[in-house]
Amino acid sequence: MKKRIGIIGSGAAGLQLAYSLKNDFDVTLHHFEEQDEVRRGRIRSTQVHFRTTLDRENRFQMLEMDKAPSIKSVHFNMGQQKLFVGRLRGEATSVDQRMAFSKAMDDLTQQGVRMRKARVLSNEIKTLAESYDILIDATGKSGPLLPFPVEAELTPFHTPQRKCIVGYFKGVASVHPEGVSITVLPGAGEMFEIPALTEQGTVTILFIEAVPEGPLDAFKGVRSAQEFEERMKCILVEHFPGIYERVDLDRFSLVDEAAYLQTAITPFIRRPYLMLNGTLVLGCGDSVFLADPITGQGCNTASYCAEQLFETLMAHKESPWDEKVGIEYWSRIRPYLTAVTEWTNAMTGPLPEPIIQILLQAAMDQQIADQVAHWFENPPKAHEAFFRQ
Ligand SMILES: Cc1cc2nc3c(=O)[nH]c(=O)nc-3n(C[C@H](O)[C@H](O)[C@H](O)COP(=O)(O)OP(=O)(O)OC[C@H]3O[C@@H](n4cnc5c(N)ncnc54)[C@H](O)[C@@H]3O)c2cc1C
């Protein structure tokens, strides 16, 4: 008989886990929104998936969105000054999670994965754990459902370091060559421009990372798509004239009424395993590894950890699933998580002088510009640059 795995949460982590595990185990996915609610709901992310993540999605035969704009470069601006365009080693993409998740849920259902619709409550976990050989908490940033212990040395903040303000817009001409564009306004925050695929076609995501109470933290009290559009227009005029020049005012609008979000994240890292009445419970994705989105790594980290979790379970396919399996999973992912977490946390502070020097050199040297772009595809390289003595 196949071992039974329960996965709670049908987001980036839960879906990849379901795809990877469904052939060897008896998988049940617990989710609380139907596909149509996800499709018609609010945007969730800016979801840039770098090449290594796309490779994992291919490995597990996840659905591919072939019309997604291909992100090949990272444009970097400091204030109003364009510094450089670094080339990525592999193409990246961003596909509206509303579309990607709902299609993946349809696909998994057709492939025979059992879906259980209900919001799982913390007080139900014990009973739920009894029906599985392993239970995985992939509930995202609203989780975790269980008290996985916090890793204090990787969790330095007690409040959000940024306000995250995101809108999916029509009517913004893309940068050339097509890619992600980052503009840093020291002390105020950052603006990210990202080409993405939605059900209405290609859009430009405008994503502000605002230092709380700073000049970009200007969306308080916004209650409607129209107010959001107006506020964004004012911010572009005042702080990002280079983007405003590319706006077609007749077409500038959110792609739909739910295509904006505001959130703020207090990052934390938790040890992702515990035993519950003899059943191993593991965490994967934001429920246990939550980071500010400033480096665009959340989905990529979730995908990395989901693959390592798959490898761990496959290595112990025939042996008992006990705490040792949890310890092995944690030791496999810990070095990567440490690198991505420390780099991401450092990016929310003032940029260290050696990093500013690298960025200035990148403006004159294409090889260095490409290395900086590569940081986003390979966070341990960024960590090396930020933390080498
Ligand atoms: C503004 C913003 C921009 C971002 N940009 C990027 C980016 O460019 N690149 C990148 O890699 N990452 C980015 N991220 C982070 C990325 O979106 C997340 O890290 C990623 O989606 C995490 O995946 P997950 O599966 O852990 O959680 P999610 O994708 O959030 O999925 C969690 C799922 O669990 C379900 N769930 C929750 N509670 C329960 C429950 N009790 N019972 C049943 N189901 C439940 C939810 O409905 C949801 O479907 C961004 C995040 C934000 C906020």
Side-chain angles (χ1 to χ4, degrees), residues 6-18 28-35 37-38 41-54 56-57 71 74 92-98 100-102 104-105 115-125 128 135-146 160 162-168 180 182 190 192-196 205-210 260-267 270 272 283-306 309 340-341 344 376-377 379:
I7 302 171
I8 312 170
S10 55
L15 289 167
Q16 186 183 309
L17 282 166
T28 303
L29 194 57
H30 295 259
H31 61 103
F32 75 86
E33 291 164 301
E34 288 296 1
Q35 285 87 316
E37 297 171 84
V38 175
R42 186 161 297 282
I43 59 162
R44 298 156 174 252
S45 179
T46 67
Q47 70 267 315
V48 178
H49 288 202
F50 291 99
R51 190 67 249 168
T52 41
T53 297
L54 298 176
R56 283 188 285 269
E57 290 168 4
I71 297 171
V74 178
T93 59
S94 168
V95 177
D96 187 346
Q97 285 185 340
R98 298 178 294 182
F101 289 178
S102 52
M105 288 168 77
M115 307 293 256
R116 289 274 176 274
K117 183 181 188 299
R119 184 187 286 270
V120 177
L121 303 174
S122 302
N123 62 13
E124 295 167 342
I125 289 279
L128 200 60
L135 188 59
I136 303 173
D137 182 329
T139 53
K141 60 182 183 302
S142 66
L145 291 169
L146 280 163
R162 291 287 189 278
K163 300 271 187 76
C164 310
I165 300 150
V166 183
Y168 288 15
V180 170
I182 306 173
E190 300 77 21
F192 297 81
E193 261 182 278
I194 302 164
I205 298 179
L206 296 179
F207 169 24
I208 297 172
E209 280 265 297
Y260 69 99
L261 73 79
Q262 296 198 60
T263 185
I265 286 165
T266 304
R270 291 171 186 269
C284 191
D286 281 2
S287 61
V288 279
F289 317 127
L290 184 62
D292 186 279
I294 191 163
T295 53
Q297 294 301 319
C299 300
N300 297 285
T301 305
S303 167
Y304 173 84
C305 295
L309 177 44
V340 73
T341 302
T344 300
F376 294 89
E377 299 174 298

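For clarity, every value in this text was computed on a predicted model and none was experimentally measured. As the structure lists them, so they are numbered: ligands from 1, and atoms in each ligand from 1. Numbers here are sequence positions counted from 1.
For Q97, there are no side-chain hydrogen bond (donor to acceptor under 3.5 Å, both in side chains) partners two or more places apart in sequence or in a different chain. Under the rule for a side-chain hydrogen bond (donor to acceptor under 3.5 Å, both in side chains), Y260 has no partner lying at least two apart in sequence or in another chain.
Only side-chain heavy atoms of P293 come within less than 4.0 Å of ligand 1; its backbone N, CA, C and O stay farther off. The part of A138 lying near ligand 1 is the backbone, judged by heavy-atom distances below 4.0 Å. With a 4.0 Å cut-off on non-hydrogen atoms, I8 touches ligand 1 through its side chain and not its backbone. At a 4.0 Å heavy-atom cut-off, ligand 1 does not touch H49 at all. Contact annotation for V166 and ligand 1: only side-chain heavy atoms (C-beta onward) come within less than 4.0 Å of the ligand. When non-hydrogen atoms are compared, ligand 1 lies under 4.0 Å from the backbone of Q47 (N, CA, C, O) but not from its side chain.
Shown in contact with Q97 at under 4.0 Å from a heavy atom are these atoms of ligand 1, numbered in order with element: 17 (O), 21 (O). Interface atoms of ligand 1 facing N300, defined by a heavy-atom separation under 4.0 Å, are 10 (C), 11 (O). Taking a cut-off of under 4.0 Å to the non-hydrogen atoms of E33, the atoms of ligand 1 that pass are 47 (O). Less than 4.0 angstrom separates some heavy atom of F101 from each of these atoms of ligand 1: 29 (O). The distance from ligand 1 to the heavy atoms of G285 drops below 4.0 Å at these ligand atoms: 26 (O). The S10 neighbourhood of ligand 1 comprises atoms 33 (C), 34 (O), 49 (O), with distances under 4.0 Å to a heavy atom of that residue.
With rounding to the nearest 0.5 angstrom, the CD1 atom of I8 is 5.5 Å from the CG atom of D137.
Considering only non-hydrogen protein atoms, atom 40 (C) of ligand 1 sits nearest to V120 N, 3.7 Å.
There is no side-chain donor-acceptor pair under 3.5 Å between R116 and T28. Under 3.5 Å, the side chains of T139 and S287 contain no donor-acceptor pair of N or O atoms.
The pair K163-E209 fails the salt-bridge criterion, with no side-chain N (NZ, NE, NH1 or NH2) lying under 4.0 Å from an Asp/Glu carboxylate O.
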